[in-house]
Participant: 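Here you go, one structure.
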Amino acid sequence: MHFTSEQRLDDGVVEREFTLGEIPGTLWTPGPAPAPLILMAHNNGLPKRDPRLVARARYSAARGYAVATIDAAGCGDRPRSAADEQARAGLRRAVRTGEPVDGIFESFIGPLVERAVPEWRITLDALLSLPGIGGQVGYSGWAALGIRLAVTEPRVAAVAFFAGGYVPRAQREEARQVGVPLLFLLQWDDEGNPRQRALDLFDAFGTREKTLHANTGGHTGTPWFEVEDGDRFFGRHLK
């Protein structure tokens, strides 16, 4: 892991950009004392510098967590395959014409998860070797990716998922194997995420400790207090 920049923010959080091979990432840390780690990913592979993700990361870091995010393969500014580009073009066309989109989502979100998970696990290996990061690991954000990590990565001790992104069939089946504590955030009026499908996914999670928070509003209307509640959730399970 090679750090390419470092700055201390007004709230005392240290923000560092890094590269790990071809993987670009950002790490926020609260100080020198060992802190539990939260892996934070945006829905469906949006860039790691998305303002909403950065705001959440800085808030959590200021409250005693190390927070890391990356642009995994096919995500953010990383190169996309010809198949990815074709699927995204098909999605834009379907949205314009009112055609069904689930099949198109399946064609590129599924492979995106398959490519992203190994890079997140490599990143986790490197992060846990750093001074100032210790204890339990949490995951926050993109549900499809988080389901696969929760099932395959035993170091992940708690997860908080946003229901707003498409979850492929494979991850909907894997949801039954998720056994760690779960917080699930649902926007009740999300125009791109059928409510019943999100409720069915919540019902499928196998963990005995799962909590659903539903708020009125559209896709990007998640109230800020859910970030605060998320930190309390991770405080119960990571600290």
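Just the heavy atoms: all of them, side chains too, but no hydrogens, waters or symmetry mates, feed the values below. One-based numbering along the sequence shown.
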Participant: Sequence neighbours excluded, which residues qualify as salt bridge (Lys or Arg N to Asp or Glu O under 4.0 Å) partners of Arg169?
Facilitator: Glu106
Participant: Begin with the C-alpha distance, continue with both residues' side-chain angles, and end with the deciding distance and a verdict on salt bridge (charged side-chain N to carboxylate O under 4.0 Å, His left out) for Asp11 and Arg63.
Facilitator: CA-CA 10 Å; Asp11 51 14; Arg63 283 147 188 84; over 6 Å; no
Participant: For Glu6, I'd like to know if atom CD has over 12 heavy atoms of other residues, nucleotides or ligands within 6.0 Å.
Facilitator: yes
Participant: Any pair with a residue in residues 58-103 that passes ring-ring contact (aromatic ring centres under 6.0 Å, His included), sequence neighbours left out, goes on the list, sorted by first then second residue, please.
Facilitator: Tyr59-Trp224
Participant: Is the backbone of Ala73 close enough, under 3.5 Å, to the side chain of Glu119 for a donor and an acceptor to pair up by distance?
Facilitator: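 Judged by distance alone, yes, a pair lies under 3.5 Å.
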Participant: Looking at Thr69 and Lys48, would you say the former's side chain and the latter's main chain have a donor-acceptor pair under 3.5 Å?
Facilitator: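 No; judged by distance alone, with no hydrogens or angles, the pair does not exist.
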Participant: Are Pro24 and Arg78 close enough that some pair of their side-chain heavy atoms sits under 4.5 Å apart?
Facilitator: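 Result yes, sub-4.5 Å side-chain heavy-atom pair found.
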Participant: Without swapping roles, check the side chain of Asn193 against the backbone of Ala163 for a donor-acceptor pair under 3.5 Å.
Facilitator: yes
Participant: Of all residues at least two apart in sequence or in a different chain, which pass the side chain to side chain contact (heavy atoms under 4.5 Å, CB included) check with Ala41?
Facilitator: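 Ala41 satisfies side chain to side chain contact (heavy atoms under 4.5 Å, CB included) with Trp120, Tyr139, Trp142, Leu145 only.
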Participant: Using the side chain to side chain contact (heavy atoms under 4.5 Å, CB included) criterion, which residues pair with Ile122? Sequence neighbours excluded.
Facilitator: Leu20
Participant: Would a 4.5 Å heavy-atom cut-off, applied to side chains only, mark Ile23 and Asp71 as touching?
Facilitator: no
Participant: Got a sec, which pairs hit salt bridge (Lys or Arg N to Asp or Glu O under 4.0 Å) with one end in residues 139-160, sequence neighbours left out?
Facilitator: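 Passing the test, one end in residues 139-160: Glu114-Arg148, Arg121-Glu153, Asp125-Arg155, Arg148-Glu174, Glu153-Arg155.
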Participant: Would you say the side-chain atoms of Ser60 pair up with the backbone N or O of Ala57, donor to acceptor, closer than 3.5 Å?
Facilitator: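 Between the backbone of Ala57 and the side chain of Ser60 there is no qualifying donor-acceptor contact (under 3.5 Å).
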Participant: Identify, with sequence neighbours excluded, every residue that meets side-chain hydrogen bond (donor to acceptor under 3.5 Å, both in side chains) alongside Glu22.
Facilitator: none
Participant: Is Arg93 atom CZ crowded by more than 12 heavy atoms from other residues, nucleotides or ligands, each under 6.0 Å away?
Facilitator: no
Participant: List in chain and number order the residues that pass side chain to side chain contact (heavy atoms under 4.5 Å, CB included) with His219, two or more places apart in sequence or in another chain; answer none if no residue qualifies.
Facilitator: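 Only Asn43, Asp190, Glu191 meet the side chain to side chain contact (heavy atoms under 4.5 Å, CB included) criterion with His219.
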Participant: For Thr4, which residues count as a side chain to side chain contact (heavy atoms under 4.5 Å, CB included) partner, sequence neighbours excluded?
Facilitator: His2, Glu17, Thr19
Participant: Which residues satisfy the salt bridge (Lys or Arg N to Asp or Glu O under 4.0 Å) test with Arg232, sequence neighbours excluded?
Facilitator: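 Applying salt bridge (Lys or Arg N to Asp or Glu O under 4.0 Å) to Arg232 gives Asp229.
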Participant: For the CD1 atom of Ile133 and the CG atom of Leu130, what is their distance to the nearest 0.5 Å?
Facilitator: 5.0 Å
Participant: How far apart are the C-alpha atoms of Thr97 and Glu99, what are their side-chain angles, what is the distance that settles it, and do they pass the side-chain hydrogen bond (donor to acceptor under 3.5 Å, both in side chains) test?
Facilitator: CA-CA 6 Å; Thr97 60; Glu99 300 171 29; 2.8 Å; yes
Participant: Decide yes or no on side chain to side chain contact (heavy atoms under 4.5 Å, CB included) for Lys210 and Leu212, but give the supporting numbers first.
Facilitator: CA-CA 7 Å; Lys210 55 183 177 180; Leu212 171 68; over 6 Å; no
Participant: When rounded to the nearest 0.5 angstrom, what is the spacing between CD1 in Ile38 and CG in Asp231?
Facilitator: 5.5 Å
Participant: In chain order, what residues pass the ring pair (Phe, Tyr, Trp, His ring centres under 6.0 Å) check against Phe18, with sequence neighbours excluded?
Facilitator: none
Participant: Do Gln136 and His237 get their side chains close enough for a donor-acceptor pair, meaning under 3.5 Å?
Facilitator: no
Participant: Quick one: list whatever passes side-chain hydrogen bond (donor to acceptor under 3.5 Å, both in side chains) with Ser140, sequence neighbours left out.
Facilitator: Arg56
Participant: Would you give me the side-chain donor-acceptor pairs under 3.5 Å for residues 182-189, sequence neighbours excluded?
Facilitator:
from, atom 1, to, atom 2, distance (Å)
Gln187, NE2, Gly218, O, 3.1
Gln187, NE2, Gly221, O, 3.4
Asp189, OD2, Gly217, N, 2.8

Participant: Taking the inter-plane angle between the rings of Phe205 and Phe202 on a 0 to 90° scale, is it parallel (under 30°), tilted (30 to 60°) or perpendicular (over 60°)?
Facilitator: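 Perpendicular.
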